[in-house]
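Shown next, in structure tokens, is the structure this report addresses.
Count residues from 1 along the sequence. Read the numbers this way: they start at 1 and go in the same order the structure lists the ligands and their atoms.
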Amino acid sequence: MQRIGILTSGGDAPGMNAAVRAAVRSAIYYEMEVYGIERGYEGLLDGDIREMKVSSVSDILQRGGTILRTARSDRFMTPEGQKRAVDMLENFEIDSLVVVGGDGSFRGALELSKHGVCVMGVPGTIDNDLGYTDYTIGFDTAVNTVLGAISNIRDTSSSHERTTIIEVMGRRCGDIAIHAGLTGGAEHVLIPEEDDNINALCRKVIEGRKRGKLHSIIIKAEGVAMPSQELADIIKERTGLETKIVILGYIQRGGSPSARDRMLASRMAFKAVELIKEGSVNKAIGVIGDEIVHFDMAEALEMKRPFDEGIMKMANILSI
Ligand code: F6P
């Protein structure tokens with residue numbers, strides 16, 4: 001009987017549980033044995049591995065986080081660590097591994113594939129920073145969480161007639177900022193992919209105020225070089241308006257996954273197991289348009305997706 005392993009790795013993302021559920025249940029459907037590996041590559045090195053049954057994934061579809069837990073493993077980054085991970089998989093007779101995680105987790109998987117392990121990457125990260133896929137699992141939920149925060153912050157910013165900078169996650173990728181900025185009606189969006197235009201930003205804040213706007217919301221991606229407090233000080237100095245910062249942080253990583261993330265996670269993890277069943281090896285699963293796609297893991301990691309200039313431009317036009 002074919003035996004597969006599954007782990008979640010790197011920063012957790014809403015929808016990881018839906019992916020674990022789909023992988024476990026589809027593998028059992030295809031008469032495979034499934035082993036859950038706790039705490040990502042860290043747990044793999046420690047042999048923290050248990051068999052999963054249909055009921056092991058009951059009641060998790062709607063839960064944020066990951067029941068398998070996750071970690072960022074320094075030990076696994078070394079050649080010795082990778083050798084130990086391969087040995088551990090051999091000990092448990094696991095020949096295929098489904099890795100749910102982001103860029104770093106996929107790079108780890110690629111190393112394992114060089115030792116003969118069949119790996120399947122399911123993209124789970126709120127950052128949406130994997131170039132080969134339009135969307136990653138968790139991104140949609142994170143954007144919706146940011147929208148909730150924008151709404152609350154807008155109320156208090158209006159009452160106090162303030163400008164507020166909301167710093168969002170995303171590492172070096174501005175997608176959370178762009179999507180939340182457009183759909184949340186932010187006055188300005190700052191992302192690492194574009195040079196900051198602080199003068200234009202300040203002009204917009206002043207002009208908005210002259211037209212009677214009670215507040216300004218600025219969404220700034222965490223990857224933008226200028227620290228939020230420094231930016232707030234500059235805006236205050238140039239506009240004369242009280243300017244506050246809110247760093248949303250880990251709140252963006254929690255919460256029940258949206259329908260869209262549950263759908264994406266279920267479809268992608270199902271595909272990963274189907275590919276294993278068919279004898280494919282070392283693929284990264286993604287979505288382009290509404291189609292579930294897969295690429296060779298090494299090629300996928302080289303692929304770049306430029307940020308959506310059209311949406312960014314529209315966000316700025318609509319927020320005038
Ligand atoms: O990759 C997801 C993410 O939340 C990034 O947006 C953020 O920069 C990073 O993880 C934070 O990592 P940690 O959980 O290690 O603080």
Practice item. Output yes when Arg262 and Asp140 qualify as a salt bridge under the 4.0 Å nitrogen-oxygen rule, no when they do not. Key: no
Exercise for review: Output the list of atoms in ligand 1 that are nearer than 4.0 Å to some heavy atom of Tyr250, sorted by atom number.
Suggested key: 13 (P), 14 (O), 16 (O)
Review point. In ligand 1, which numbered atoms sit nearer than 4.0 Å to a non-hydrogen atom of Glu222?
Key: 5 (C), 6 (O), 7 (C), 8 (O)
**Study point:** Pick from Gln252, Arg172, Arg253: the one approaching atom 11 (C) of ligand 1 most closely through a non-hydrogen atom
**Key:** Arg253
Exercise for review: Do me a favour and list the nearest non-hydrogen protein atom to atom 2 (C) of ligand 1 with residue, atom name and distance?
Suggested key: Asp127 OD2, 3.3 Å
**Study point:** Under-4.0 Å salt bridge between Glu222 and Arg171
**Key:** no
Exercise for review: Taking only heavy atoms of Met169 into account, list the atoms of ligand 1 that are under 4.0 Å away from them.
Suggested key: 4 (O), 6 (O)
Check your understanding: Out of Asp48, Thr66, Thr70, which residue meets the side-chain hydrogen bond (donor to acceptor under 3.5 Å, both in side chains) rule with Arg39?
Key -> Asp48
Side-chain donor-acceptor pairs under 3.5 Å in residues 91-100, sequence neighbours left out?
none

Point to revise | Salt bridge present between Arg209 and Glu207 (N-O < 4.0 angstrom) | key: no
Check your understanding: Donor-acceptor pair, Lys204 side chain versus Glu187 backbone, under 3.5 Å?
Key -> yes
Check your understanding: Which of the atoms in ligand 1, numbered in the order shown and given with their element, are less than 4.0 Å from a heavy-atom of Arg72?
Key -> 9 (C), 10 (O), 11 (C), 12 (O), 13 (P), 14 (O), 15 (O)
Practice item. Say whether Gly170, considering both its backbone and side-chain N or O atoms, lies within less than 3.5 Å of an N or O atom on ligand 1. Key: yes
